[in-house]
Each structure stands twice: as C-alpha cells, then as structure tokens.
Amino acid sequence: MVICVKNKKEEEKFVIQVQNITKKYGSFTALDAINFEIKEGEIVGFLGPNGAGKSTTMNIITGFIEPTSGKVIVDGNDVSKKPKKAKQQIGYMPEGVPLYGDLTVKEFVTYMAEIKGVKRKEKKEKVEKILEETGLLDVKNKLTKNLSRGYKQRVSMAGALVGDPKVIILDEPTVGLDPKQVTEIRALIKDLGKNHTVILSSHILSEVSQICNRVIIINKGKIVAVDTPEHLEQKVIKDNSIYVTVEDPENKMLKIKEKLEKVEDIKLISQNEDKTKKYIITAEKDVDLRKSLFETLAKEGITIFEMKKADATLEDAFMQLINKPEEGGKE
Ligand code: ADP
Ligand code: MG
C-alpha cells in the first residue's frame, strides 16, 4: 500500500519560477543570473529605476524574447520547451499601451480573444465579462485611438485578461496617467489580484507598497532584495543612514570616509542642477553621525545644504538597497 503524504510545501505552488536568467545584448549584460519565484495568488511588484531590467525580465517570462541562459517555468511548463502551454497561462500588458487604434474597444478585445483561441461559442460572453471587469462597458463602441490615456490602459489590460490566464503581467501600468486615473488603475489591479496572480513593474515605490504583497527590487540587472514592503521599511531603521546635500566643487566627499570614524560607506545619489550633490552615508548601528559630519565637512570646506536621517519609508529602503556596496550587497 502506498500512502501519499502531501506536505505544506507542495501545496504552496509556484506559478512562476525564474532560474538563473541572464540576458546579454552584445557585451552588455542586461540581466545577470537572476532568480525568483512567485506563488499562486500573489501580487508582486517589480521595482527598479529606469534601465534596471524590468521590461527585459517581463519579456523573457512571457516568451517574447529569449534569455541568453537560464530558464523560466510557468505553471510547470518550461517557456522555451512548451511555449504554447506556458503562454496560455499569461496575460501580458507590455509597456506603452500598444493598441490597434482603428478598432473599437469591443473589437479589440474580441480580436485578442480570437488570437488567444477562445472558443467561438464562449467568445461573446467572455468579451462582455472582461469589458465589465475592466470598467469598459460604457466606451465599448468607441475607437481605441479616441480614448483617454487612462482608458487606453484599461483596454490594454482587458487584452491581457483574455483567455483566463492565471498570471497577469503589467509593465508600468500607471505611467503617463493623471492622478485620478492612477488611483482608478491601482484599484483595478487590486481587484484583479483577487482572482489572478499579478506581476507589475514600477519605478514608483509608494505604488508598489500600496498594491503588492511582495516586492522584488532590481537594479542594473541584479536582484537586490525580495521582501514584503513592511520588512523593507524595517530594514532601513536598522541600517542607519543619513542623506547629505552638499556643495563640494573639489569633490572631496568621497575621500572623507577615512576621516569619519564608524562610517561604512559614502555614495553619490544625485547631482542637482544647482551643482549641489546628494550623498547617502551609512554608519555602524546606533551611531549618530550628524555631529561629526557637521564638524568634519566644515573643516574640509564642504558646505552642507541639507542633512536628513533616513526614515523608515520605502523610498529610503529603495535608495539604500540600490546604493549598497557591490560586494555583500545582496541578501
Ligand atoms: P527597465 O524596463 O527596467 O527600464 P529594460 O529591461 O528596458 O529596463 O532595459 C534594461 C537594460 O537593457 C537597459 O540598459 C537597456 O538600455 C538595455 N536594453 C534593453 N533592450 C535592449 C536591446 N534590444 N538592445 C540593447 N540593449 C537593450
Ligand atoms: Mg521598462
């Protein structure tokens, strides 16, 4: 007799597994051996600055582009070996809302249903259901090219929902929208999250913390953190960093580390138009650097314009994570 014991681990099913994916464009490495997994039902935020590799990753998961090495498994199907099966489980909304402008909203969604092979009998009903889900019933007979940006985004999302995919992938779904539209689209995404696994990319931190259960932070083709928004915020409190904005024409900032006891790292974050520069300075735990910074910088002839302790905001967590020293910067 065989007794089959199912443990908890097995029940927690991964719907997406990204294994050691590397993508090179010539000699440039856009993705450098990234790994992560997504469980069924999660809403995961893919967060990173422009050029981090978010779209490239999404294009690889959806099978639009081939990785240089590594593999992606969607709902148990290797994307390169069983592309059809894998793609069936994914609804993709690419960057920049590509639509066919001369189709009406309903025609577009119907067309998507044809491409995805939705059965003829079910087509009408399914299209109608999606139009309702995405709040498009009122505009279903309008040409997509005449819609506002917010509505175009909805149409593009409707296209992604066709065929009842398990996973919905949305690349920067709120880019270019006005604040009201942003709020509406975010609410729509949360709603979709009730019945789908959702992966969305964004370079807006507050957005991701509002919508997502988990955040994957990517920078320069590498994953720098995978965590819940809450944990990321807590990390900052522990990490103990200070932001300083200075006028430093002789570029002395990076050389003063030796002069400051207990400083672990100094990194340039941004150069402002008024020629001031913003740095993040990380110290050992429980050290308050502000006094010694004030004195040392004054001695070096570096003028402080602003000094601020890093708060426990996701914004700061993000800044710290993507500005960590190369070695040991990964968790
Ligand atoms: P993100 O979506 O995070 O802004 P992308 O994934 O679009 O970033 O791009 C990651 C990096 O790869 C960028 O430096 C980008 O310039 C580069 N890249 C993307 N597509 C190509 C391509 N087809 N050819 C060459 N470089 C590319
Ligand atoms: Mg992108």
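By convention here, the first residue in the shown sequence is residue 1. In listed order, ligands and their atoms are each counted from 1.
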Backbone N or O of Gly221 within a donor-acceptor pair of the Asp32 side chain at under 3.5 Å?
no

For Glu128 and Glu125, indicate whether the former's side chain and the latter's backbone hold a donor-acceptor pair under 3.5 Å.
no

Name the residues in contact with ligand 1, where contact means a heavy atom under 4.0 Å away: which are they?
Tyr25, Phe28, Ala30, Pro49, Asn50, Gly51, Ala52, Gly53, Lys54, Ser55, Thr56

Could you see if Val167 belongs to whatever hydrophobic cluster contains Ile73? Use Ile, Leu, Val, Met, Phe, Trp, Tyr and a side-chain cutoff under 4.5 Å.
no

In sequence, state the C-alpha distance, the side-chain angles, and the governing distance for Val244 and Glu306, and then conclude on side chain to side chain contact (heavy atoms under 4.5 Å, CB included).
CA-CA 6 Å; Val244 278; Glu306 198 185 349; over 6 Å; no

Is Phe36 linked to Val44 within one hydrophobic cluster, defined over Ile, Leu, Val, Met, Phe, Trp and Tyr using a side-chain heavy-atom separation of less than 4.5 Å?
yes

With respect to Ile43, which candidate in Thr197, Ile168, Leu200 satisfies the side chain to side chain contact (heavy atoms under 4.5 Å, CB included) definition?
Leu200

At the Mg ion (ligand 2), OG of Ser55 and OE2 of Glu95 open up to roughly (10° bins) 100°

